[in-house]
Amino acid sequence: MRNFAAVTAGVTAALAAGGFVAAQPAPKLAASDASFVAFEQPVLALTHVVLFDGTGAPAQRDMTIVVSGGRIAAVGPAATTAPPSGATVVDGEGKTVLPGFVLMHEHLFYPNSKGGYGDYPEAFTRLYLAAGETTIRTAGSLNPYADLAVARAIRAGRQVGPDMDVSGPYIEGEPKSVARMPAVTGPASVAKLVDYWTGEGATSWKVYEHISRADLRATVAAAHAHGLKVTGHICSVTYQEAIDAGIDNLEHSFQEASDFVAGKKPDACPPWPVRLQSLIALDPDGPEASKLIKSLVDHKVALTSTYAIDETLMAGKPPVSAETLAPLSPALRAAYSAAWAQNQKGGLGKLVAAFMPKMARMEHRFVAAGGLLMAGSDPTGFGGVVPGTSAQHQFHMMIEEGFSAPEAIRVMSRNGAVFLHRDKEIGTVAAGKRADLVLLDGDLAKTNDAIDHVSTVFKSGVGYNSRAIAAAYAGKVGLD
Ligand SMILES: [Zn+2]
């Protein structure tokens, strides 16, 4: 840790001596982060690219995007969109441009090999950016002071990373699912918690599995009073009860719903395998599923798809690649491999695999009915969901579950921006918007694997070398 006391003492002495306050210098990236910057030219043109603009429209070929002063100045066919004189021109022949991803279920912690969690806010924010995530929401925090401090450093330009919508601590009831979460003890304790952490800078809230109906209502009331939204990974409260309580978003798509468990007791959480069995028995086109889908859409409750973690939980999937695991320490890689082998034998992995096609069917119906489907990584479970490349896994899984590439990109960019009310600024590639862009080596309209070849990620027009960031963190997560 660098010692800032000497710097502060110097400033104090200068003020005492002359009373003259010099203009604050612009914050600077640390040298290690500055080395990741590939482009910071004020005017830049990406020419002849394949463009997925994030609206869900088909890919457009031979396009030029002009970036000026951190914003998208022009987007159009290369034939009619000339780079301005003096622009740095990047020949994008054979390359693809996407909007920066806006992912909604990110965490800055990771399951360690001892059944707990390690905190990696500095590494994970950089790895998320390297994979194309230019805005993230942390969906539940185990260490909100650290998350808020990193978000501030990024906002101030002192650290490389995505813009962050930082959630407060998970709001959980008893018995807690995770020992490190605070458990609330009634509406008054909920209000106290929400008010305190909102004052500290939290801008989002997440309730967890054992929240009661009364405490969920209290959370929604307290958060909405601050103009903030609430999401939940719920269980003791059914989806319909959460909708009735005014929740804004539900995590893990349809797979946590306890609505269809026979004999479910109020405020009690049936184990996940029991819920999954009830969901597998549900007809995704039948009246009960239709009623829930309509209720979600009518009440504007968004769903967050977390296929990257589902992939690791499904029996029958091969282990994730060595490339995906690259940021992890050898101990974390070994822990993942052992857990993967175990999961192939157990019953849970088979239940998750059996529900996936049914869940995808319900998601397609939800989207067709006008529902807002978003995406997130959720790097938890038994490992293997590695911050950053989890975004690429999300894309591949959405394709596998029947979404088109333009639809998957829209879910991963524009839809999160809509939920955050930032869609006028970010989420799609259009003139006037912030220049948050992902440049892929390869043609995503021809091959889905191009998503894995992120070359440069632009945030506010500054381009970061994705591979340099990944290389800097290879093997490091889990060692500090
Ligand atoms: Zn999570």
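Remember, predicted model here, so these are calculated numbers, not experimental data. Start at 1 and go down the list; that is how both ligands and their atoms are numbered. When a residue number appears, it is its place in the shown sequence, counting from 1.
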So does H233 have any N/O/S atom less than 2.8 Å away from the Zn ion (ligand 1)? no
If we ignore hydrogens and angles and just use 3.5 Å, is the side chain of [X] paired with the main-chain N or O of [Y] as donor and acceptor?
X    : Y    : result
E172 : H210 : yes
T138 : G140 : no
T312 : I309 : yes

Write the atom name of the N, O or S atom in [X] that is nearest the Zn ion (ligand 1).
X    : result
D378 : OD1
H107 : NE2
H105 : NE2

Answer yes or no: does atom CD of E400 have more than 12 heavy-atom neighbours from other residues, nucleotides or ligands under 6.0 Å? yes
